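A quick write-up on the structure given underneath.
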Amino acid sequence: MGIGLPVSRPWLASLFLTLLAGFVMVPAPRAAAVPPAPAMTRCTEQQVPNRDIPEVVVQGNGGGSEPAGANPSNVLEPGDVFVIIPEPESRVSVSRLGENYGPDGTGRVADGSWPYPGLSQYSAVLRFNNNPGGWVDSPVQATAFQQCTRWDRSLPVRLLFGVNDPKLDDNGGMWKFRVQIYKASVSATNAMDRCSRRAPASSPGDRDELVSVWGKEAGSFPSGPNPGNVLAQGDVVRIIPDLRSTITIDYWKNWVYPNGNLLAAPPSGWPYPELFQFSAVLRFNNNPGGWVGPPAQATAFGGCMTWTDSRPVRLLFGVNDPDVSDNSSSQYPGAPSWKFRVLVYKS
């Protein structure tokens with residue numbers, strides 16, 4: 001066929017339809033699963049950590065821990081990478097005369113009469129402790145880990161914070177730290193990679209919704225009086241708290257943030273002992289099987305977490321308040337509520 005020779009239109013149309021059908025019938029190959037980058041890479045690139053606790057509290061008269069609680073479990077495993085960011089404005093008073101300091105203390109080196117010789121006086125101190133094995137390494141300044149640090153010891157540990165002060169009973173106030181952990185061992189899935197890189201939760205089955213948690217009725221994800229399960233084994237979830245959102249308690253007299261008053265509830269008289277008083281609490285619940293795991297601070301899931309239990313669950317929020325009847329309610333227009341953005345990346 002020479003160049004410029006006319007081609008009959010019916011034949012050309014038939015050829016076009018045949019080629020089009022061929023393209024339609026050949027499915028596009030599925031995108032290969034992309035596993036997440038190594039922990040140190042994710043940290044240095046400031047990707048989303050796997051554990052992100054926005055307010056770890058170190059009480060001036062008693063210290064603190066991560067995880068919180070009377071006898072916390074290990075949280076940092078060999079190969080994990082962590083960052084501990086102090087809140088420089090947080091203060092601890094060290095006498096009844098009003099003398100107070102930030103997490104770095106005075107900057108003067110403590111002598112042998114202090115609890116932690118060689119470290120700054122009146123400063124926040126960090127000790128790594130294996131449960132149940134005991135101390136790992138020497139005490140260090142709690143402010144010394146503001147960069148990505150790999151835990152290269154052979155034992156898993158918890159983080160125990162102290163105060164370098166010979167006399168704690170006249171102290172007040174608290175220091176606050178943000179603790180981020182990038183796990184060395186994470187699910188090698190596309191869902192974890194998308195969450196880590198802050199990709200939109202827009203694939204089939206993904207969810208991205210704003211949840212309101214009321215002072216009286218609390219809240220759930222999914223919403224509704226009896227919601228179904230939404231989180232299945234292998235899914236990755238991230239729950240981002242709005243730390244400036246509030247509810248009211250005591251008939252609108254007091255406004256409280258999602259972490260409440262940052263004081264641990266005593267063993268009796270509170271719905272959720274050891275969790276912050278007047279705070280948002282999260283429980284995972286299988287419908288219709290029941291509770292899965294213990295209650296936790298709702299603000300403790302800002303990192304990318306893989307749901308590993310075989311039971312699918314829904315997310316039920318609560319309020320750690322012995323009497324919620326006088327709290328803000330969805331029944332009143334304009335009443336305040338805590339806000340949580342929930343993202344689910346399906347595996």
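The structure presented is a predicted model; accordingly, all values stated were derived computationally and were not measured.
Side-chain atoms of Ser212 and Lys339 form a donor-acceptor pair, as typed in the model, at a separation below 3.5 Å. For the residue pair Asp170 / Ser95, no side-chain donor-acceptor distance below 3.5 Å is found, with atom types taken as modelled. With hydrogens and angles left out, the side-chain atoms of Asn226 and Arg314 include a donor and acceptor closer than 3.5 Å. With no hydrogens or angles considered, no side-chain donor-acceptor pair links Tyr101 and Arg91 at under 3.5 Å. Under the 3.5 Å distance criterion, with hydrogens and angles disregarded, no donor-acceptor pair is assigned to the side chains of Ser120 and Gln141. No hydrogens or angles considered: a donor-acceptor pair under 3.5 Å links the side chains of Thr299 and Asn259.
Looking at Asp152 and Arg150, no side-chain N of the basic residue comes within less than 4.0 Å of a carboxylate O on the acidic one, giving no salt bridge. A salt bridge does not link Glu66 with Arg158: none of the charged nitrogens is closer than 4.0 Å to a carboxylate oxygen. Under the 4.0 Å criterion applied to side-chain N and carboxylate O atoms, Asp52 and Arg178 are assigned as salt-bridge partners. Ion pairing between Asp137 and Arg127 fails under the 4.0 Å rule for side-chain N and carboxylate O. Under the 4.0 Å criterion applied to side-chain N and carboxylate O atoms, Lys167 and Asp169 are assigned as salt-bridge partners. A salt bridge does not link Lys346 to Asp206: none of the charged side-chain nitrogens sits closer than 4.0 Å to a carboxylate oxygen.
At least one side-chain heavy atom of Phe276 sits less than 4.5 Å from a side-chain heavy atom of Val57. Using a 4.5 Å heavy-atom cutoff, the side chains of Val83 and Cys43 are in contact. Val256 is not listed as a side-chain neighbour of Thr246, based on a closest heavy-atom distance of 4.5 Å or more. Counting only heavy atoms from C-beta outward, the side chains of Pro36 and Arg42 approach each other to under 4.5 Å. Side-chain contact check for Asp321 versus Ile249: some heavy-atom pair is nearer than 4.5 Å. Between Thr248 and Pro336 there is a side-chain heavy-atom pair separated by less than 4.5 Å.
Centroid-to-centroid, the aromatic rings of Phe278 and Trp270 come within less than 6.0 Å. A distance of 6.0 Å or more separates the ring centres of Phe221 and Phe317. Within the 6.0 Å centre-distance limit, the rings of Trp114 and Tyr122 are counted as a close aromatic pair.
Other residues, nucleotides and ligands place no more than 12 heavy atoms under 6.0 Å from the CZ atom of Arg341. Enclosure of atom CD in Gln46 is not indicated, since only 12 or fewer non-hydrogen atoms of other residues, nucleotides or ligands lie within 6.0 angstrom.
Below 30°, between 30° and 60°, or above 60°: for Phe128 and Trp151 the angle between ring planes is between 30° and 60°, a tilted geometry.
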Working note: Thr308 + Gln233, criterion side-chain hydrogen bond (donor to acceptor under 3.5 Å, both in side chains); need CA distance, chi angles, decisive distance, verdict.
CA-CA 5 Å; Thr308 58; Gln233 188 175 35; over 6 Å; no
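Val292 and Leu316 fall into different hydrophobic clusters, defined by Ile, Leu, Val, Met, Phe, Trp and Tyr side-chain heavy atoms under 4.5 Å apart, directly or through other members. The hydrophobic clustering, which links ILVMFWY residues whose side-chain heavy atoms are closer than 4.5 Å, places Val136 and Val75 together.
Checking Val236, Asp193, Asn50 one by one against Val186, the side-chain contact (heavy atoms from CB on, under 4.5 Å) holds for a single residue, Asn50. Among Phe177, Phe145, Tyr182, the single residue meeting the ring pair (Phe, Tyr, Trp, His ring centres under 6.0 Å) criterion with Phe82 is Phe145.
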